[in-house]
4 protein chains.
Amino acid sequence: MSKSTPARAGRPRDENVHRAILDAARDLIREEGYIALSIEAVAARAGVAKQSIYRRWSSKGSLLVDLYMDGLEAPGALASHNFKDDLLAVMLQTTKRVQDIAFANILKSLVIEAQSDAEMRKLVQLRIVEPRREAMRRVIENGKQSGELPGGLDTEMILDFVFGAVWFNLLLGEGRLTNKFAHRVVKAIELMAAREHDAR
Amino acid sequence: MSKSTPARAGRPRDENVHRAILDAARDLIREEGYIALSIEAVAARAGVAKQSIYRRWSSKGSLLVDLYMDGLEAPGALASHNFKDDLLAVMLQTTKRVQDIAFANILKSLVIEAQSDAEMRKLVQLRIVEPRREAMRRVIENGKQSGELPGGLDTEMILDFVFGAVWFNLLLGEGRLTNKFAHRVVKAIELMAAREHDAR
Amino acid sequence: MSKSTPARAGRPRDENVHRAILDAARDLIREEGYIALSIEAVAARAGVAKQSIYRRWSSKGSLLVDLYMDGLEAPGALASHNFKDDLLAVMLQTTKRVQDIAFANILKSLVIEAQSDAEMRKLVQLRIVEPRREAMRRVIENGKQSGELPGGLDTEMILDFVFGAVWFNLLLGEGRLTNKFAHRVVKAIELMAAREHDAR
Amino acid sequence: MSKSTPARAGRPRDENVHRAILDAARDLIREEGYIALSIEAVAARAGVAKQSIYRRWSSKGSLLVDLYMDGLEAPGALASHNFKDDLLAVMLQTTKRVQDIAFANILKSLVIEAQSDAEMRKLVQLRIVEPRREAMRRVIENGKQSGELPGGLDTEMILDFVFGAVWFNLLLGEGRLTNKFAHRVVKAIELMAAREHDAR
DNA sequence: CCGTAAACGAGACGGTACGTCCTGTCTTCTA
DNA sequence: TAGAAGACAGGACGTACCGTCTCGTTTACGG
């Protein structure tokens with residue numbers, strides 16, 4: 001991998017500052033949630049100038065996106081045994097992440113930010129929502145191909161159902177996003193749509 | 001429900017003030033969305049003192065709840081022909097209401113308010129979410145009873161799916177909550193879960 | 001004297017807040033001079049919201065004008081014995097006031113503010129400079145009338161000389177604005193311009 | 001004065017940078033006055049790094065001093081005909097310089113800087129104020145010697161009067177520092193203090 | 001002709017203050 | 001007591017400069 005940054009003029013951004021901001025923001029949002037996440041508070045907690053935050057992120061929302069990404073391992077390839085197991089795997093990836101209250105709060109906050117900023121909504125879609133949907137989409141398409149799911153299924157609608165249930169419980173539920181929830185989702189989908197499948 | 005307050009002493013609340021506040025709030029949230037809906041702005045627009053708002057509503061959220069209720073006709077009894085038609089009817093009630101951008105914005109705002117106020121979340125659940133779910137719940141139970149839906153179905157999960165899809169599209173979608181969306185939902189549920197049914 | 005304020009609507013300005021601001025400002029400017037006199041610092045010291053300052057004064061300069069006026073007794077009528085004594089009296093009024101370092105610093109600050117604000121310059125002229133000049137102007141005109149001063153004298157120029165010397169020493173001198181300075185001024189004017197005068 | 005720096009190691013200061021800074025500063029202060037004269041703005045306008053300014057001048061004030069000196073021709077020897085003409089000559093030197101709004105603004109700015117920096121006040125005295133006073137002082141002493149002025153005159157006080165009038169009008173007047181002003185000063189002094197003098 | 005050392009443009013950095021907006025509470029006068 | 005009006009303490013906003021710092025690059029001079 002070659003030098004990607006073409007050596008911009010001037011003093012380079014300090015990586016420690018970057019880290020300090022993300023850490024402070026995560027701590028704050030974990031402890032107090034969205035309301036506590038003022039730029040002022042983040043700066044104070046990180047021991048950093050407000051300007052150093054604005055220099056990196058144009059809005060609270062884009063900071064939140066990076067905060068969500070930070071430390072997020074790659075989605076992980078599917079074991080691809082069968083539809084049901086794959087579906088469960090993707091669901092558990094999601095619920096597991098949200099188990100950490102910091103990430104749950106980040107997601108809630110992203111939705112808030114998206115409400116008054118169309119740009120933000122697109123960004124959330126692109127960086128947060130769509131990657132998860134894409135993983136799930138592959139699972140469903142595989143299921144259709146193998147005959148485990150009926151071919152005529154409206155894939156995008158199923159995605160809306162499943163992720164809708166997740167977001168809905170996150171935003172308006174009572175913290176029910178446990179692993180058990182993932183299992184319930186899988187069972188419900190299975191009962192509704194899955195067909196017996198002869199693997200050979 | 002009769003007048004519960006036994007004619008307290010002093011000047012009675014002015015009904016016109018009540019109306020002016022709701023109207024101003026609706027106008028503001030229709031035109032500019034959540035950000036513009038400051039108590040200050042509502043008061044100014046309504047030509048009313050801030051105190052007159054705080055006197056009636058303890059928070060922006062509870063004002064929003066009343067604002068959502070305001071002018072909302074009763075759910076309307078089900079025609080109850082069959083599962084599919086009933087489902088569509090309930091869905092269309094929902095999508096139709098959201099067609100008015102003011103109501104869409106109110107719902108979005110309620111979600112925002114709910115994020116930093118547990119009390120609020122309960123109120124939204126009780127007054128906004130649950131009534132819709134209850135209507136839909138009856139539809140599903142009917143379907144189970146008539147054999148149109150498999151008896152083992154996790155009803156609450158189905159509700160999560162359907163309303164999750166609605167909220168998800170409202171909050172993070174691109175204004176796709178058209179009547180066509182309602183039809184897609186119905187068709188997807190039908191394809192997945194509905195069984196052929198001999199109505200007699 | 002009748003009610004001068006026509007009972008404006010709303011909560012009246014709190015006189016204590018007014019006082020607290022002026023006191024805080026005077027303390028700050030006495031202790032640290034112009035640089036320390038930020039609106040933020042005044043508000044903090046007065047235990048007052050910044051807005052409460054901005055509500056009363058549109059700029060730091062206009063606050064300073066009021067601060068100079070605050071507690072300033074009326075100029076005091078001239079004893080009017082003769083030119084020399086009257087001149088000395090007016091000079092001593094000026095130097096005495098400036099003896100308090102707070103007032104000296106206020107005057108310096110007013111000059112600073114006036115440099116980047118034409119409106120401010122006019123205000124300083126009108127409220128601070130001109131009243132003093134007017135008192136001195138009368139002294140000089142009296143002197144001309146009584147024959148103690150030559151009639152052809154350019155009064156305004158003399159005023160420029162005398163007050164110029166005061167301001168010059170205030171701004172660029174080394175704190176030499178003692179009573180002795182007042183005496184030197186009087187003696188110099190006397191030696192230059194005053195004529196022997198037969199008081200009867 | 002010979003080259004005092006013994007050819008230090010490293011890259012020598014760039015004379016063009018020096019010029020660019022002074023030019024940019026003069027342009028800015030001419031066009032917008034003191035407020036616009038931020039180090040940041042000067043650097044940007046000169047196309048120069050902020051550090052290159054701080055390397056040469058320890059404060060905005062010392063830059064302003066150099067800026068005032070820059071392009072200032074030597075005071076010019078007195079023709080020394082008589083007191084009145086000499087006085088007028090010195091006065092006109094002063095008013096002429098101030099005619100250029102850039103220089104007027106520089107002087108105003110120097111006074112501002114001097115208010116919060118005792119070091120600066122001394123520097124202004126030494127480099128700007130005193131040289132002018134010295135020229136004028138010689139004029140007055142000549143006048144005393146030749147008998148055109150009464151010998152008992154407080155020379156320093158006269159200097160305070162004359163230069164005080166100049167500074168006062170510069171800082172708080174309305175741009176009245178015309179040549180006419182110089183003539184008025186001379187006439188006033190003449191009328192007050194000058195005695196008929198037989199030049200032989 | 002090569003290494004050392006300062007100058008230079010660029011821009012990051014911790015700070016401080018700015019003037020504005022809104023919050024929820026309060027205090028006045030009028031109805 | 002309600003209501004219009006608006007003051008109040010407080011907190012955050014996003015911006016502008018301060019004076020210092022750290023980069024990569026350039027330009028002299030002395031070994």
Side-chain angles (χ1 to χ4, degrees), chain A residues 7-18 20 35-44 46-56 58-60, chain B residues 8-14 16-17 20 35 37-44 46-56 58-60, chain C residues 6-14 16-18 35-44 46-56 58-60, chain D residues 7-14 16-17 20 35 37-44 46-56 58-60:
Chain A
R8 282 193 308 131
R11 177 176 176 175
R13 301 266 172 89
D14 186 336
E15 188 54 36
N16 296 327
V17 169
H18 202 89
I35 16 138
L37 198 77
S38 65
I39 297 290
E40 205 117 80
V42 173
V48 140
K50 275 199 289 178
Q51 194 55 45
S52 293
I53 300 180
Y54 286 116
R55 201 175 286 125
R56 281 152 229 264
S58 58
S59 68
K60 198 147 69 176
Chain B
R8 284 175 302 139
R11 177 174 173 178
R13 299 259 173 96
D14 186 338
N16 296 327
V17 168
I35 15 136
L37 198 77
S38 64
I39 298 290
E40 206 117 77
V42 174
V48 141
K50 276 201 291 176
Q51 195 61 254
S52 294
I53 299 179
Y54 286 116
R55 200 175 286 125
R56 282 154 230 263
S58 60
S59 66
K60 198 149 69 178
Chain C
R8 282 192 309 130
R11 176 176 176 175
R13 302 265 171 91
D14 186 338
N16 296 327
V17 169
H18 202 89
I35 16 139
L37 198 78
S38 64
I39 297 290
E40 206 116 79
V42 173
V48 139
K50 275 199 290 178
Q51 193 57 45
S52 292
I53 300 179
Y54 286 116
R55 201 176 286 125
R56 283 153 229 265
S58 60
S59 67
K60 199 148 69 176
Chain D
R8 285 175 304 139
R11 178 176 175 176
R13 300 261 173 93
D14 185 338
N16 295 327
V17 169
I35 15 137
L37 198 77
S38 65
I39 297 290
E40 207 116 74
V42 174
V48 140
K50 276 202 291 178
Q51 195 62 254
S52 294
I53 299 179
Y54 285 115
R55 200 175 286 125
R56 281 152 232 263
S58 59
S59 67
K60 197 149 71 176

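Values reported hereafter were calculated over all heavy atoms of this structure, with side chains retained and with hydrogens, waters and symmetry mates removed. From a predicted model like this one, the values you see are computed outputs, not experimental measurements. Residue numbering restarts at 1 for every chain, and letters A, B, ... go by the order of the sequence lines.
Each of D:Ala41 and C:Pro12 has a nearest nucleotide on DNA chain F; the 5'-most of these lies closest to C:Pro12.
Evaluation of the side-chain contact (heavy atoms from CB on, under 4.5 Å) rule for B:Ser59 yields B:Ser62, B:Met120 as partners, not counting sequence neighbours. The side-chain contact (heavy atoms from CB on, under 4.5 Å) search around B:Arg56 returns B:Arg13, B:Val17, B:His18, B:Ile21, B:Ser52, not counting sequence neighbours. In this view, B:Ala44 satisfies the side-chain contact (heavy atoms from CB on, under 4.5 Å) rule with no residue, not counting sequence neighbours. In this structure, the side-chain contact (heavy atoms from CB on, under 4.5 Å) partners of D:Ala43, at least two apart in sequence or on a different chain, are D:Lys50, D:Ile53.
Straight-line distance from the CD1 atom of B:Ile39 to the P atom of E:dG24: 6 Å, rounded to whole Å. In this entry the distance linking CD of B:Gln51 with P of F:dT1 reads 14 Å, nearest Å. Following rounding to the nearest Å, D:Arg55 (CZ) and F:dT22 (P) show an atom-to-atom distance of 15 Å. Rounded to whole Å, atom P of E:dG19 lies 10 Å from atom CD of C:Glu40. Rounding to whole angstrom units, NZ of residue B:Lys60 and C1' of E:dT23 are separated by 9 Å. Atom-to-atom, CG of C:Asn16 to C1' of F:dA9 comes out at 15 Å; the value is rounded to the nearest Å.
Stem regions annotated for DNA chain F: E:1-31 with F:1-31, counting only runs of 3 or more consecutive pairs of Watson-Crick or G-U type with both contacts under 3.5 Å.
Contact of B:Arg11 with F:dA2 (side chain to base): a donor-acceptor pair of N or O atoms is detected under 3.5 Å. Residue D:Lys50 places a side-chain atom within donor-acceptor reach of the base of F:dG19, judged by atom type and a 3.5 Å distance cut-off alone.
Proximity note for C:Ser38 (side chain, C-beta onward) versus E:dC18, F:dC13, F:dC8: the nearest is E:dC18.
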